[in-house]
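Quick notes on the structure that follows.
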Amino acid sequence: MNTVESLGYLKGLLDGLDFDGNKKETKMFKAIVDALDNIINDIDDVNDDIDLLSEPIDGIDDDLADLEDYLADCDDDCGCDCDCASEDDIYGLTCPACGEEITVDEDTVMEGGIECPNCGEYLEFEMDDEAEEEKE
């Protein structure tokens with residue numbers, strides 16, 4: 001018998017005993033049963049809240065596990081945007097419009113261009129024929 005069923009059983013016993021409603025003992029028993037009923041409702045509310053939170057938490061946990069796996073597999077020549085890229089894969093340039101120093105990786109160069117983060121000017125990267133063939 002679960003808690004809700006037990007409380008229902010207690011309520012039935014209390015009603016079935018035909019206690020005099022004016023006696024102090026009867027009022028006390030009813031107050032105890034009412035308090036137990038409130039506790040059960042509070043516990044149900046907490047369980048509902050836990051159920052609502054468990055799905056997003058599981059999603060965050062899965063995303064974190066994926067990120068940990070990704071970072072564990074990362075090496076010096078992974079080609080990702082992390083700090084592990086080798087110095088050969090990083091290029092420095094100066095925006096001709098505003099003079100801002102910009103650092104880009106090889107993947108950004110291969111995409112053909114970016115907007116300057118300072119002034120918004122589109123900076124186009126010219127690739128030679130050999131780089132174009134590698135891209136395809």
Side-chain angles (χ1 to χ4, degrees):
M1 181 180 316
N2 67 30
T3 310
V4 174
E5 292 168 343
S6 296
L7 182 61
Y9 179 72
L10 283 175
K11 285 181 179 180
L13 280 177
L14 188 61
D15 291 341
L17 292 175
D18 287 332
F19 285 130
D20 181 8
N22 295 325
K23 287 189 171 186
K24 293 179 184 178
E25 295 86 8
T26 305
K27 291 178 182 179
M28 182 190 66
F29 286 133
K30 286 188 178 191
I32 290 171
V33 170
D34 287 343
L36 291 172
D37 191 36
N38 289 337
I39 291 170
I40 289 172
N41 289 332
D42 290 344
I43 290 171
D44 285 342
D45 290 345
V46 169
N47 286 335
D48 290 344
D49 291 345
I50 288 171
D51 290 342
L52 285 173
L53 291 174
S54 65
E55 187 175 329
I57 289 172
D58 289 344
I60 292 169
D61 186 46
D62 291 344
D63 292 345
L64 183 58
D66 291 344
L67 181 60
E68 288 171 345
D69 290 343
Y70 174 77
L71 292 176
D73 292 340
C74 201
D75 62 10
D76 285 345
D77 293 323
C78 70
C80 66
D81 291 335
C82 64
D83 291 335
C84 65
S86 68
E87 291 296 322
D88 295 337
D89 295 338
I90 305 296
Y91 303 96
L93 59 107
T94 303
C95 175
C98 68
E100 177 78 12
E101 293 289 324
I102 303 169
T103 304
V104 294
D105 62 8
E106 185 173 15
D107 290 339
T108 304
V109 172
M110 297 302 279
E111 289 174 7
I114 62 166
E115 283 187 12
C116 173
N118 189 45
C119 68
E121 179 78 19
Y122 186 76
L123 307 175
E124 190 170 341
F125 305 120
E126 293 182 22
M127 293 184 280
D128 58 21
D129 291 335
E130 186 177 309
E132 282 285 337
E133 290 173 11
E134 287 179 17
K135 183 178 177 183
E136 295 172 1

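Below, each value reflects all heavy atoms present in this structure, side chains not excepted, and no hydrogens, waters or symmetry copies. Residues: numbered from 1 along the sequence shown.
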| query | After noting the C-alpha distance and the side-chain angles of Ile32 and Leu36, does the key distance pass the side chain to side chain contact (heavy atoms under 4.5 Å, CB included) rule? | reply | CA-CA 6 Å; Ile32 290 171; Leu36 291 172; 4.2 Å; yes
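- In the hydrophobic clustering of ILVMFWY residues, with side-chain heavy atoms under 4.5 Å counting as a link, Val46 and Val4 come out apart.
- Ser54 and Asp51 share no donor-acceptor pair across their side chains, judged by distance under 3.5 Å alone.
- Atom-to-atom distance recorded for Asp34:CG and Lys11:NZ is 7.0 Å, nearest 0.5 angstrom.
- Here the shortest heavy-atom pairing between Glu121 and Cys95 reads CB-SG, 4.4 Å.
- One hydrophobic cluster, built from ILVMFWY side chains closer than 4.5 Å, cannot hold both Ile40 and Met1; they sit in different ones.
- How far CG of Leu53 is from CD1 of Ile60: 9.5 Å, rounded to the nearest 0.5 Å.
- If you take CG on Asp58 and CD on Glu55, they are separated by 8.0 Å, rounding to the nearest 0.5 Å.
- The hydrophobic cluster containing Val104 does not contain Tyr122, counting ILVMFWY residues as joined when their side-chain heavy atoms lie under 4.5 angstrom apart, directly or transitively.
- Closest approach of Leu14 to Phe19, counting heavy atoms only: CD1-CD1, 3.7 Å.
- Scanning all heavy atoms of the two residues, the minimum distance from Asp20 to Thr26 falls at O-OG1, 2.7 Å.
- With rounding to the nearest 0.5 angstrom, the CZ atom of Phe125 is 4.5 Å from the CD1 atom of Ile114.
- From Thr94, atom OG1 reaches atom CG of Leu123 across 10.0 Å, with rounding to the nearest 0.5 Å.
- Between atom CD of residue Glu100 and atom CG of residue Leu93 there is a gap of 10.0 Å, rounded to the nearest 0.5 Å.
- Taking all atoms of both residues into account, the shortest heavy-atom contact from Glu106 to Tyr91 is CA-CE1, 3.8 Å.
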Starting from the C-alpha separation in whole Å, work towards a yes-or-no answer on side chain to side chain contact (heavy atoms under 4.5 Å, CB included) for Asp66 and Tyr70. CA-CA 6 Å; Asp66 291 344; Tyr70 174 77; over 6 Å; no
